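Values in this document were obtained by computation on a predicted structure and should not be read as measured data. Atoms considered below: every heavy atom in the structure, side chains included; atoms not considered: hydrogens, waters and symmetry mates.
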Amino acid sequence: VEVPVMLHFKDWKFLFSAGLIYNRLINFSVTDRTGLDITDDQTYNPNMFSFALGSTFFFTEDLGINVRWSKSFTDIQDDSRDSSFIDRTVTVRAVYMF
């Protein structure tokens with residue numbers, strides 16, 4: 001589950017966004033490359049915090065395309081002795097404003 005808290009600035013056909021995101025793992029499973037369920041062998045941090053930047057270009061008054069980049073402040077692995085997993089995500093989506 002992702003809960004973003006974003007600030008938006010709109011100018012002409014562009015909407016710029018920046019904010020913080022709270023992520024929570026709920027009812028998840030982990031499989032390795034062979035398809036084996038290794039959920040009980042891994043320890044994950046269920047709460048993560050991220051920072052996000054984004055921009056939307058509106059083709060019309062209501063229809064646009066959005067690109068958002070986010071990066072986690074916290075590691076998803078609780079016992080990251082050997083490795084760490086800091087999430088970085090780029091999303092592209094279509095937007096329709098009602």
ask   = Under the side chain to side chain contact (heavy atoms under 4.5 Å, CB included) criterion, do V67 and S55 qualify, and how do the steps go?
value = CA-CA 6 Å; V67 177; S55 180; 5.8 Å; no
Atom pairs and distances, donor-acceptor, side-chain atoms in residues 2-9, under 3.5 Å, two or more places apart:
{"residue": "E2", "atom": "OE2", "partner": "R68", "partner atom": "NH2", "Å": "2.7"}
{"residue": "H8", "atom": "ND1", "partner": "S17", "partner atom": "OG", "Å": "2.6"}

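Linking ILVMFWY residues whenever their side-chain heavy atoms come closer than 4.5 Å, directly or via other members, places V90 and I65 in the same cluster. Hydrophobic clustering (side-chain heavy atoms under 4.5 Å, transitive across Ile, Leu, Val, Met, Phe, Trp, Tyr) groups V95 together with L15. A continuous path of hydrophobic side-chain contacts links M48 to F28 [ILVMFWY only; heavy atoms under 4.5 Å].
Below 30°, between 30° and 60°, or above 60°: for F51 and F73 the angle between ring planes is between 30° and 60°, a tilted geometry.
A side-chain donor-acceptor contact under 3.5 Å links D75 to the backbone of F85.
Looking at residues two or more places apart in sequence or on another chain, you find no side chain to side chain donor-acceptor pair (under 3.5 Å) involving S70. For the ring pair (Phe, Tyr, Trp, His ring centres under 6.0 Å) test, residues two or more places apart in sequence or in another chain that qualify with Y96 are F98. Scanning for ring pair (Phe, Tyr, Trp, His ring centres under 6.0 Å) contacts around F57 gives F14, F59, with sequence neighbours left out.
Taking all atoms of both residues into account, the shortest heavy-atom contact from T60 to L63 is OG1-N, 3.0 Å. Nearest heavy-atom pair, T74 versus F49, reported as atom, atom and distance to 0.1 Å: OG1-N, 3.4 Å. The minimum heavy-atom distance linking A18 with L53 is given by the pair CB-CD2, 3.7 Å.
Taking CG of L36 as the start and OG1 of T34 as the end, the distance is 5.0 Å to the nearest 0.5 Å. Separating the CG atom in L25 from the CG atom in N47 is a distance of 8.5 Å, to the nearest 0.5 Å. Summarising the geometry, atom OG1 belonging to T56 is positioned 9.5 Å from atom CZ belonging to F16; distances are rounded to the nearest 0.5 Å.
Looking at heavy atoms from C-beta onward, I76 lies out of side-chain contact with N23 at the 4.5 angstrom threshold.
The stretch residues 87-98 participates, sequence neighbours left out, in no salt bridge (charged side-chain N to carboxylate O under 4.0 Å, His left out) pair at all. Within the structure, salt bridge (charged side-chain N to carboxylate O under 4.0 Å, His left out) pairs that include any residue of residues 12-36 do not occur (at least two apart or interchain).
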